[in-house]
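Here's the structure, in structure tokens; my notes come after.
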Protein chains: 2
Amino acid sequence: MSSTSDIDALIELMARLPGLGPRSARRAVLHLVRKRAQLLAPLADAMQLVAETARECLNCGNVGTSEICDICASEKRATGEICVVEDVADLWAMERARVFQGRYHVLGGTLSALDAVGPEDLRIPRLIDRVESEGIREVILALNATVDGQTTAHYIADRLAGRVRLTSLAQGVPIGGELDYLDDGTISAALRARKDV
Amino acid sequence: MSSTSDIDALIELMARLPGLGPRSARRAVLHLVRKRAQLLAPLADAMQLVAETARECLNCGNVGTSEICDICASEKRATGEICVVEDVADLWAMERARVFQGRYHVLGGTLSALDAVGPEDLRIPRLIDRVESEGIREVILALNATVDGQTTAHYIADRLAGRVRLTSLAQGVPIGGELDYLDDGTISAALRARKDV
């Protein structure tokens with residue numbers, strides 16, 4: 001590599017981002033070097049800022065820049081509903097859909113016997129606390145439809161049974177989805193949950 | 001989006017990198033936020049450093065951190081050969097192959113009547129100067145095999161004809177390439193340039 005070591009070091013760090021490999025990291029860094037003033041310097045500043053300020057919300061586990069995230073801090077979102085998600089990425093996906101008005105609880109993973117992840121390793125005790133302290137009426141389990149996700153949903157449902165209304169996201173044909181491309185499990189779930197027109 | 005504006009701003013900047021879109025930028029930023037200490041802070045520092053120090057070599061146009069790049073500064077590379085490339089990415093690709101011992105000249109693009117790019121917009125005058133001042137014996141035209149690349153190669157060959165040995169990279173079947181997947185142009189170039197075994 002002909003570039004000097006600073007640039008090489010940057011390429012090596014960029015290649016550790018998900019979705020970038022050595023080749024695309026080189027391309028990205030070359031682009032950054034060409035656009036030093038417009039892109040590289042602002043990006044360095046933005047990263048510095050986030051590195052200093054980003055933190056997990058003490059209440060729900062969302063990522064933000066304060067001890068309590070914007071959603072937990074907003075009185076408008078105190079609807080008595082908590083949507084339980086595995087991951088901050090899932091929370092962001094829900095927020096992009098702009099349909100849920102309540103608050104979230106980010107577990108930070110799923111229960112997994114194989115990886116020795118128990119309830120104490122996730123934010124499950126904190127969820128139980130919140131249901132009491134925030135006067136929650138409904139817990140929406142928006143966990144992924146994987147084996148571990150569903151195991152975790154069952155565990156949480158057991159722990160909260162009788163204390164609160166428990167719901168999960170509907171399963172069925174995605175909007176714009178074509179039957180031909182759907183897996184058998186989705187089609188049979190959609191058929192079982194069929195609705196009158 | 002639930003994340004606060006600093007994180008959104010970072011996502012927006014990351015999405016402007018080549019090869020990343022809004023979705024992969026979100027994923028990358030989430031990964032960075034999770035690995036604040038190990039990845040985000042070092043990356044911010046590396047970007048800051050490159051933003052401050054990166055510059056184009058005054059001699060050849062390579063990207064580095066000093067006025068004259070490492071290759072131009074190295075006496076070992078004064079072999080009397082200059083390899084002319086369109087782009088710093090092409091220079092990096094040549095260097096990775098570790099076969100060329102001489103110096104480079106990065107044009108910074110190709111001549112293009114459509115985009116009104118003339119010889120003065122590229123580093124062509126500087127190339128002519130270097131051929132004289134550095135006592136160059138051979139100029140290797142390693143331009144891309146596109147119409148604009150070949151037009152530029154012809155123009156440079158005209159300007160330097162008689163002063164120096166002019167060569168271009170061999171065209172043919174790539175190492176590991178399968179005939180079935182090659183375009184007609186490559187196959188006919190490889191056949192025309194066939195060699196005795």
Side-chain angles (χ1 to χ4, degrees), chain A residues 1-7 9-14 16-20 23-56 62-66 69-71 87-89 91-96 104, chain B residues 1-7 9-14 16-20 23-56 62-66 69-71 87-89 91-96 104:
Chain A
M1 195 73 89
S2 68
S3 55
T4 49
S5 53
D6 293 344
I7 295 175
L10 178 56
I11 292 172
E12 209 226 296
L13 285 167
M14 288 291 285
R16 283 158 62 185
L17 289 177
L20 288 182
R23 195 186 185 85
S24 43
R26 277 197 300 270
R27 199 155 67 99
V29 168
L30 206 54
H31 184 79
L32 285 171
V33 168
R34 285 204 193 102
K35 309 219 165 204
R36 285 192 284 287
Q38 307 99 297
L39 189 53
L40 180 53
L43 191 54
D45 291 343
M47 283 192 176
Q48 200 79 57
L49 194 65
V50 171
E52 281 161 15
T53 60
R55 50 191 312 165
E56 283 173 355
N62 185 16
V63 159
T65 49
S66 46
C69 74
D70 297 350
I71 296 176
D87 220 348
V88 176
L91 187 161
W92 288 0
M94 290 288 297
E95 281 294 283
R96 280 198 300 281
Y104 293 92
Chain B
M1 196 73 90
S2 69
S3 54
T4 48
S5 52
D6 293 344
I7 296 175
L10 179 56
I11 292 172
E12 209 226 295
L13 285 168
M14 288 289 286
R16 282 157 61 185
L17 289 177
L20 289 182
R23 195 187 185 85
S24 43
R26 275 197 302 270
R27 200 155 66 100
V29 168
L30 205 54
H31 184 79
L32 285 171
V33 169
R34 285 204 193 102
K35 308 221 166 203
R36 285 192 284 287
Q38 306 101 296
L39 189 52
L40 180 53
L43 192 55
D45 292 342
M47 282 190 178
Q48 200 78 57
L49 194 64
V50 170
E52 282 162 14
T53 60
R55 50 191 310 167
E56 283 173 355
N62 184 16
V63 158
T65 51
S66 45
C69 74
D70 298 351
I71 296 176
D87 221 347
V88 177
L91 187 161
W92 288 0
M94 290 290 296
E95 281 295 282
R96 280 199 300 282
Y104 293 91

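Each chain gets a letter, A, B and so on, in the order the sequences are listed, and its residues count up from 1.
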Residue pair [X] / [Y], side-chain heavy-atom distance below 4.5 Å:
X: B:L30; Y: B:R34; value: yes
X: A:N62; Y: A:Y104; value: no
X: B:D6; Y: B:L10; value: no

Side chain, backbone, both or neither: which part of [X] has a non-hydrogen atom closer than 4.5 Å to chain A?
X: B:M14; result: both
X: B:V88; result: both
X: B:R27; result: both

(message) Please classify the contact of A:R16 with chain B as side chain, backbone, both or neither, using a heavy-atom distance under 4.5 Å.
(response)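 Both parts, heavy atoms under 4.5 Å.
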(request) List for me each residue that meets salt bridge (charged side-chain N to carboxylate O under 4.0 Å, His left out) alongside A:R23, sequence neighbours excluded, and say none if there are none. (result)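 Scan of A:R23 (salt bridge (charged side-chain N to carboxylate O under 4.0 Å, His left out), adjacent residues dropped) gives none.
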(message) Heavy-atom pairs under 4.5 Å with chain B: which of A:V29, A:L17, A:L20 has the most?
(response)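 Most heavy-atom pairs under 4.5 Å with chain B: A:L17.
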Only pairs under 3.5 Å count here: list side-chain donor-acceptor contacts from residues 37-56 of chain B, not counting sequence neighbours, and write none if there are none.
unit_1: B:T53; atom_1: OG1; unit_2: B:L49; atom_2: O; d: 2.8
unit_1: B:E56; atom_1: OE1; unit_2: B:R123; atom_2: NH2; d: 3.0

